[in-house]
Amino acid sequence: MTEEEQQRYFIACLSGQRMNRYLRACRGNKAQAIALYRMNLRLGVECFCLISYFEIVLRNAINRLYVQEHGPNWLKNATVENGIYSDVSCKQTRQIIQTVLGKLEDPSHADVVAALDLGFWRYQFAGTQFHAAGQKLLQIFPNKPKSGKTQQYNHTYVFRQLGIVNDMRNRIAHHEPLCFAQGTATIDLSSVKQCIAIIDELMEWLDIDQGIIFNDCNDRCESVIQEIEDFGRGKE
């Protein structure tokens, strides 16, 4: 195949609809659009790495606290009569746990913890779940700043911040472009930077040494961001 034929083949395999924004961003230049698409994939890999580390650290911190507060099988016990999530207001949370329990054969508590996704752990900070479990969950953040008149660092704040991280996780999982402003073909990494900043903030609150946990994952993510931004400036 000629280079032009290879480019057409690539775009046809991934679909013109998927590649359309990349082509628009590169003024129809197929080679540049393919290069940008591949950069976006690498960005997704590095961001997903950060989010995955963060998700595991967060869920383990929540689990440790709730094991202390509610016992070593708190997730299973939360769904039974008079369990912390037995109230009708926690029906969806209870059903999620029960679904996991039903899918796993003789699961240990650790198996259940591992099977629950970031969305589940995020909702432990939602008002209903937060209050049902005893309103102690913010104790996992020893370095959380004190709330002030202009900003409340409460469970609602954490819930909203985790929503942004979870949305980014879902965008990556569904192969959505990360390098564009929403609904446009304009290169804009602000949403990725916001997600990274939130992870950095909450890891700091958790008193986690990010250098040890992330190793050079953060640096690789920043490097791809810089590469895409430099690429974008070359299109201006």
Side-chain angles (χ1 to χ4, degrees), residues 10 14 18-27 29-62 117-119 121-122 125 140-145 151 153 157-236:
F10 182 97
L14 271 71
R18 173 169 290 276
M19 291 299 299
N20 182 50
R21 270 209 273 181
Y22 297 90
L23 287 163
R24 284 161 50 205
C26 298
R27 301 183 179 91
N29 187 305
K30 294 184 183 67
Q32 291 179 353
I34 291 169
L36 180 57
Y37 184 86
R38 286 175 169 154
M39 280 187 274
N40 184 81
L41 280 183
R42 285 194 286 118
L43 179 61
V45 169
E46 301 304 342
C47 284
F48 199 81
C49 175
L50 283 175
I51 293 170
S52 297
Y53 280 131
F54 169 68
E55 178 179 348
I56 293 168
V57 168
L58 177 71
R59 80 184 187 198
N60 287 347
I62 295 171
D117 63 17
L118 180 57
W121 300 108
R122 176 203 175 202
F125 294 93
I140 69 170
F141 298 117
N143 294 339
K144 184 181 72 66
Q151 181 63 66
Y153 295 109
Y157 176 87
V158 177
F159 178 75
R160 289 171 179 165
Q161 297 295 82
L162 290 177
I164 294 170
V165 177
N166 198 43
D167 286 347
M168 180 60 65
R169 185 187 189 281
N170 291 339
R171 285 174 64 187
I172 296 169
H174 291 99
H175 311 295
E176 295 178 17
L178 309 182
C179 60
F180 299 124
Q182 188 172 8
T184 76
T186 302
I187 293 176
D188 183 347
L189 283 299
S190 57
S191 63
V192 176
K193 291 179 179 180
Q194 181 187 28
C195 178
I196 294 171
I198 290 170
I199 291 174
D200 181 67
E201 174 186 55
L202 296 180
M203 290 288 274
E204 173 77 22
W205 290 12
L206 286 161
D207 196 25
I208 297 297
D209 188 322
Q210 297 183 57
I212 294 174
I213 300 301
F214 291 151
N215 195 7
D216 61 348
C217 183
N218 231 327
D219 291 339
R220 293 197 306 271
C221 196
E222 293 293 342
S223 177
V224 182
I225 289 172
Q226 187 65 56
E227 186 178 352
I228 293 173
E229 289 185 330
D230 289 345
F231 181 90
R233 280 189 284 270
K235 304 291 118 196
E236 293 174 355

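- When atom types are taken as modelled, the side chain of Asp117 and the backbone of Gly119 share a donor-acceptor pair closer than 3.5 angstrom.
- A donor and an acceptor atom, one from each side chain of Asp230 and Gln226, are located under 3.5 Å apart.
- Rounding to the nearest 0.5 Å places CD of Gln161 at 4.0 Å from CD1 of Ile198.
- In this structure, Phe141 and Val158 have side chains that are in contact, with non-hydrogen atoms separated by less than 4.5 Å.
- A donor atom on one side chain and an acceptor atom on the other are not found under 3.5 Å apart for Arg21 and Thr184.
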message: Does Ser191 form a side-chain contact (heavy atoms from CB on, under 4.5 Å) with Gln182? I'd like the steps, not just the answer.
response: CA-CA 9 Å; Ser191 63; Gln182 188 172 8; over 6 Å; no

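- With rounding to the nearest 0.5 angstrom, the CD1 atom of Ile56 is 12.0 Å from the CD1 atom of Ile51.
- Test Ile196, Val45, Asp216 against Cys221 for side-chain contact (heavy atoms from CB on, under 4.5 Å) and you get one pass: Ile196.
- Residues Asp188 and Ser190 bring a donor and an acceptor atom of their side chains to less than 3.5 Å of each other.
- Aromatic rings of Tyr157 and Trp205 (six-membered ring for Trp) have centroids within the 6.0 Å cut-off, being under it.
- Nearest heavy atom pair, residue Ala25 against residue Ala185, reads CB-O, 3.3 Å.
- Residue Val224 comes nearest to Met39 through the heavy atom pair CG1-O, 3.6 Å, listed as atom of the first residue, atom of the second, then distance.
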- prompt: Are Arg24 and Asn20 close enough, and set up right, to give a side-chain contact (heavy atoms from CB on, under 4.5 Å), and what steps lead you there?
  reply: CA-CA 6 Å; Arg24 284 161 50 205; Asn20 182 50; 3.5 Å; yes

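- Side-chain contact between Met203 and Ile213: present, with at least one pair of heavy atoms (C-beta onward) separated by less than 4.5 Å.
- With contacts defined as side-chain heavy-atom distances shorter than 4.5 Å, the pair Glu204/Asp200 does not qualify.
- Note: Leu162 CG to Asp167 CG = 11.0 Å, rounded to the nearest 0.5 Å.
- What you find for Phe54 and Phe214 is that their closest heavy atoms are N-CE2, 4.3 Å.
- Tyr37 OH to Leu23 CG: the interatomic distance, rounded to the nearest 0.5 Å, is 12.0 Å.
- In this structure, the separation between CG on Leu206 and CD1 on Ile140 is 5.0 Å, given to the nearest 0.5 Å.
- Between Phe180 and Tyr22, the ring centre distance stays below 6.0 Å.
- Side chains of Phe48 and Met168 form no contact here, defined as non-hydrogen atoms less than 4.5 Å apart.
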- request: Quick one: do Leu202 and Leu58 satisfy side-chain contact (heavy atoms from CB on, under 4.5 Å)? Show the steps, please.
  value: CA-CA 9 Å; Leu202 296 180; Leu58 177 71; over 6 Å; no

field: Candidate pair Leu178 and Leu189, rule side-chain contact (heavy atoms from CB on, under 4.5 Å), full reasoning
entry: CA-CA 7 Å; Leu178 309 182; Leu189 283 299; 5.6 Å; no

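- Counting heavy atoms of neighbouring residues, nucleotides and ligands inside a 6.0 Å radius, atom CD of Gln151 exceeds 12 of them.
- Screening residues 47-60 for side chain to side chain donor-acceptor pair (under 3.5 Å) gives Glu55-Arg169 as the qualifying pairs, with residues at least two apart or on separate chains.
- Ionic pairing of Glu229 and Lys193 is present here: one or more N-O contacts between side-chain nitrogen and carboxylate oxygen are shorter than 4.0 angstrom.
- Formation of a donor-acceptor pair under 3.5 Å by the Asn40 side chain with backbone atoms of Pro177 is not found in this model.
- His174 and Arg18 make their closest contact through O-NH2, 4.3 Å (heavy atoms, listed as atom of the first residue, atom of the second, distance).
- Within a 6.0 Å radius of CZ in Arg160, other residues, nucleotides and ligands contribute 12 heavy atoms or fewer.
- The two residues Val165 and Cys195 come nearest to each other via the heavy atoms CA-SG, 4.0 Å.
- Taken from CG in Leu50 to CD1 in Ile172, the straight-line distance is 9.0 Å, to the nearest 0.5 Å.
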